[in-house]
Enquirer: 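Below is a structure I'd like to ask you about.
Each residue takes its place number in the sequence, starting with 1. Bear in mind that the values here come from a model prediction, so they are computed numbers and not experimental data.
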Amino acid sequence: MESTGPTVRFSGLLATCTAAVLAAGALVATAPAASAADVDVARNGGFEAGLDGWSCTAGSGSVVSTPVYGGTKALKGTPAGNDNAKCSQAVTVKPNSRYTLSAWVQGSPVYLGATGTGTTDVSTWTQSTGAWKQLTTSFTTGPSTTSVSVYTHGWYGTPAHYVDDLTLVGPGGDPVVVPAVPAGLRTTAITSSSVALSWNAVSGATGYNVYRGGTKVASATGPSATVTGLTASTAYSFQVTATNAAGESAKSAAVTATTTAGGGGGGDTKLPARALVGYLHSSFANGSGYTRMADVPASWDVINLAFGEPTSVTSGDIRFSLCPVAECPNVESEAEFKAAIKAKQAAGKKVLISIGGQNGQVQLASTAARDAFVTSVSKIIDTYGLDGLDIDFEGHSLSLNTGDTDFRAPTSPVIVNLISAVKTLKAKYGSGFVLTMAPETFFVQLGYQFYGSGPWGGQDPRAGAYLPVIHALRDDLTLLHVQDYNSGPIMGLDNQYHSMGGADFHIAMTDMLLAGFPVAGNTSRVFPGLRPDQVAIGLPASTQAGNGHTSPAEVNKALNCLIKKADCGSYQTHGTWTDLRGLMTWSINWDRFNNWEFSRNFNSYFGR
């Protein structure tokens, strides 16, 4: 989002930030030679059969006949934009076994590595161009590891590189077998029209199917799913199976759940079933002009006051004031502002204080900052009689310390203290407290590929840094509306990169939030999907509001796909998310500047 000041600024990080996440490789000592009984378990490592067995990002890999190291073919990887030309292959291996990974490469830099080893993932790289060079590293698989992913890639903005004669030598892997029956099926959230489920992950499973009354109703890549489109006050029975290349397991033990009585699905927060959320430039004008609270149309269900900002980055002391008269000649008085808030609330609207924005960096690095945050935010809420809080931490507000690798148990003080502060505020104000968040894709969906500084260090420590906050507060969270704009290309659950500005980006990014995903590709650390009623899509209201503006027609295509599974294009969603809450925009002011195009389209689509 934007921050204070008279000039136009866009929300969030520049698209180029995505490129900063790539891990820097580390040279690994050459491994001992494999024993004579070992075999090469990699498939088509000489690329004589083209790309058979290999998956390359964004069409970056091709097979050439020159240059080659051995045989008649080699792999050519061509980095472009935010793609590093990664090609990978899943290889069946044996648990508790030593493997040696080797390949001949030409170009600089070229990386070779393995993930999912169950112990320590490994990589090595070459720093010089010229003649073919051999890269070699080794690893030992974990006690339950039956598959690893081997990969090669280059570097952003570098010329094409070449790979040939890749081998993974060690004990031959056992054949893939049908996975075990999932255990621990349970409900995690229930609304009038949906039931959220989770279960224990199954070793060797690549996916899961959810059954309702014996009929398959959903699929998932991780051990959680939300079944939507249910009837209020109705009992349902659910089972789940695990799947892989060998087939599908038997159904799990059943769990029953009864949906709640009808309503908006927002609990005590009492949001409408379809909500329109907007940011109001209350403390600045920013080129779009100042809009008085009383002049905000009735279309807006949640109004986020932008912004509360800290007295210093690490103080935790948040302040909020109305736009100065010099910048906003038509600004209302404090008394008029407070009266207008009460009038909106009387009409059923929610008014929140949004903390942060592009320039409002907030780092709760100490318990003193945490406590100051609680005290100062409480004062703002009480002074203006607000309904809750929106967390819009951007830039360098959230990052993960080296070694903080599990989103389920964060240790970084800025993360731990933020979670604690918000829980304290929630406890103080009770069940009616509205909590929303507006992170950027860099801090959420990018976590599918990268999390923090990574297992070897060198990655951007902000990658995926919102995930532990969202996860810890999911039971308190009213709405998550990720900013689907000012973003670089992001990989979706289809392992393809998606770019902002069209329906495809919103479909892929939103589906990730609802289906859940393994963090940094670790299938033992799956971020569970949120309920559809907790999710709205964040978009800019006009071309002036931010990069990635999406036309009304494309917005409607995204809604059709997510809610109705129609107009989906090439991306296939992992569910039909009929209870998707709605849309968020930056901002109400920019929508007014653009003749209310965004809100009018929302009203038209949902028949309001």
Side-chain angles (χ1 to χ4, degrees), residues 182 184-199 208-240 252 254-275 277 301 431 434-437 470-471 473-482 493 506-507 509-517 526-537 558-566 568 572-584 606:
L185 180 62
R186 55 201 177 272
T187 61
T188 56
I190 301 173
T191 72
S192 60
S193 59
S194 67
V195 172
L197 302 163
S198 66
W199 53 91
Y208 302 90
N209 292 328
V210 178
Y211 292 82
R212 184 186 70 216
T215 301
K216 180 181 172 181
V217 293
S219 297
T221 55
S224 65
T226 300
V227 180
T228 60
L230 306 179
T231 303
S233 303
T234 303
Y236 293 94
S237 175
F238 300 96
Q239 294 170 287
V240 64
S252 70
V255 64
T256 59
T258 301
T259 51
T260 61
D268 290 337
T269 57
K270 295 184 174 63
L271 292 182
R274 306 297 187 190
V277 182
D301 302 297
S431 60
V434 179
L435 174 63
T436 65
M437 300 182 193
I470 298 168
H471 184 65
L473 297 170
R474 63 173 56 237
D475 293 338
D476 303 308
L477 181 65
T478 309
L479 273 180
L480 176 71
H481 29 64
V482 174
L493 295 180
H506 305 299
I507 293 167
M509 295 302 100
T510 306
D511 187 58
M512 293 180 77
L513 302 176
L514 298 170
F517 54 86
V526 175
F527 176 79
L530 295 169
R531 302 191 317 268
D533 64 274
Q534 289 180 295
V535 175
I537 307 172
L559 292 171
N560 285 341
C561 177
L562 292 163
I563 296 173
K564 306 172 185 177
K565 221 172 179 63
C568 289
Q572 296 301 308
T573 61
H574 293 72
T576 304
W577 313 114
T578 55
D579 289 342
L580 183 72
R581 181 65 77 176
L583 302 179
M584 173 276 279
F606 289 112

Enquirer: Locate the shortest heavy-atom distance separating A257 from T187; write the atom from each residue and the value.
Expert: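 Looking at all heavy atoms of both residues, the closest pair is CB-CG2, 3.8 Å.
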Enquirer: When you compare the side chain of R186 with that of S198, does any pair of heavy atoms fall below 4.5 Å?
Expert: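 The answer is yes; the side chains approach within 4.5 Å.
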Enquirer: Would you name the heavy atoms of V535 and L479 that are closest together and state the gap between them?
Expert: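 Taking every non-hydrogen atom into account, N-CD2, 3.9 Å.
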Enquirer: Kindly compute the distance separating CG (L435) from CG (D475), expressed to the nearest 0.5 Å.
Expert: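 Between L435 CG and D475 CG, I get 11.5 Å after rounding to 0.5 Å.
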Enquirer: Nearest 0.5 Å, what's the CG-NZ distance between L562 and K564?
Expert: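 Answer rounded to 0.5 Å: 11.5 Å.
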Enquirer: By the definition side-chain contact (heavy atoms from CB on, under 4.5 Å), identify the one residue from T578, N560, T573 that meets it with K565.
Expert: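 Single side-chain contact (heavy atoms from CB on, under 4.5 Å) partner of K565 among T578, N560, T573: T573.
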Enquirer: Under the side chain to side chain contact (heavy atoms under 4.5 Å, CB included) criterion, do L230 and R212 qualify, and how do the steps go?
Expert: CA-CA 10 Å; L230 306 179; R212 184 186 70 216; 3.4 Å; yes
Enquirer: With the side chain counted from C-beta on, respond yes when L480 and Q534 share a heavy-atom pair under 4.5 Å apart, and no when they do not.
Expert: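 Side chain of L480 against side chain of Q534, heavy atoms only: no contact under 4.5 Å found.
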Enquirer: Which atom names give the shortest non-hydrogen contact between M512 and F517, and what distance separates them?
Expert: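 What the structure gives for the nearest pair is O-CD2, 3.5 Å.
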Enquirer: If the test is side-chain contact (heavy atoms from CB on, under 4.5 Å), which one of T256, V227, T259 qualifies with Y236?
Expert: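 Among the candidates, only T259 passes.
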Enquirer: Taking the side chain as C-beta and beyond, is there a heavy-atom pair between Q239 and P182 under 4.5 Å?
Expert: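 Side chain of Q239 against side chain of P182, heavy atoms only: no contact under 4.5 Å found.
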Enquirer: If every non-hydrogen atom of L530 is compared with every non-hydrogen atom of T226, which pair is closest and at what distance?
Expert: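 Scanning both residues, the minimum pair turns out to be O-OG1, 3.8 Å.
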Enquirer: Kindly indicate, with the supporting measurements, whether the criterion side chain to side chain contact (heavy atoms under 4.5 Å, CB included) is fulfilled by V240 and L197.
Expert: CA-CA 9 Å; V240 64; L197 302 163; over 6 Å; no
Enquirer: To the nearest 0.5 Å, what is the distance between CG on L514 and OG1 on T576?
Expert: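 Reported value, rounded in 0.5 Å steps: 11.0 Å.
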Enquirer: Taking the side chain from S237 and the backbone from G213, do they hold a donor-acceptor pair closer than 3.5 Å?
Expert: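 A pair under 3.5 Å: no.
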Enquirer: Look at the side chain of R274 and the backbone N and O of L583, then say whether any donor-acceptor pair between them is shorter than 3.5 Å.
Expert: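 Here the side-chain-to-backbone pair does not exist.
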Enquirer: Going through the distances and angles, do L271 and D533 end up as a side chain to side chain contact (heavy atoms under 4.5 Å, CB included)?
Expert: CA-CA 10 Å; L271 292 182; D533 64 274; over 6 Å; no
Enquirer: Can a donor-acceptor pair be found, under 3.5 Å and without considering hydrogens, that links the side chain of R581 to the backbone of P272?
Expert: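 At least one qualifying donor-acceptor pair exists.
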Enquirer: If you look at every heavy atom in Y208 and G222, which pair is closest and at what distance?
Expert: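 Closest pair (atom of Y208, atom of G222, distance): CD1-O, 3.4 Å.
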Enquirer: Short question: side chain of H481, backbone of M437 - any donor-acceptor pair under 3.5 Å?
Expert: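 Such a contact is found between H481 side chain and M437 backbone.
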Enquirer: In Å, rounded to the nearest 0.5 Å, how long is the span from CG of L559 to NE2 of H506?
Expert: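 Reported value, rounded in 0.5 Å steps: 9.5 Å.
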Enquirer: Look up atom OG1 in T510 and atom CH2 in W577, then write down how far apart they are to the nearest 0.5 Å.
Expert: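 Atom-to-atom, T510:OG1 and W577:CH2 are 11.0 Å apart.
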Enquirer: Restricting to non-hydrogen atoms, name the atom on L493 and the atom on A515 that form the minimum distance, rounded to 0.1 Å.
Expert: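 Looking at all heavy atoms of both residues, the shortest contact is CD1-CB, 3.9 Å.
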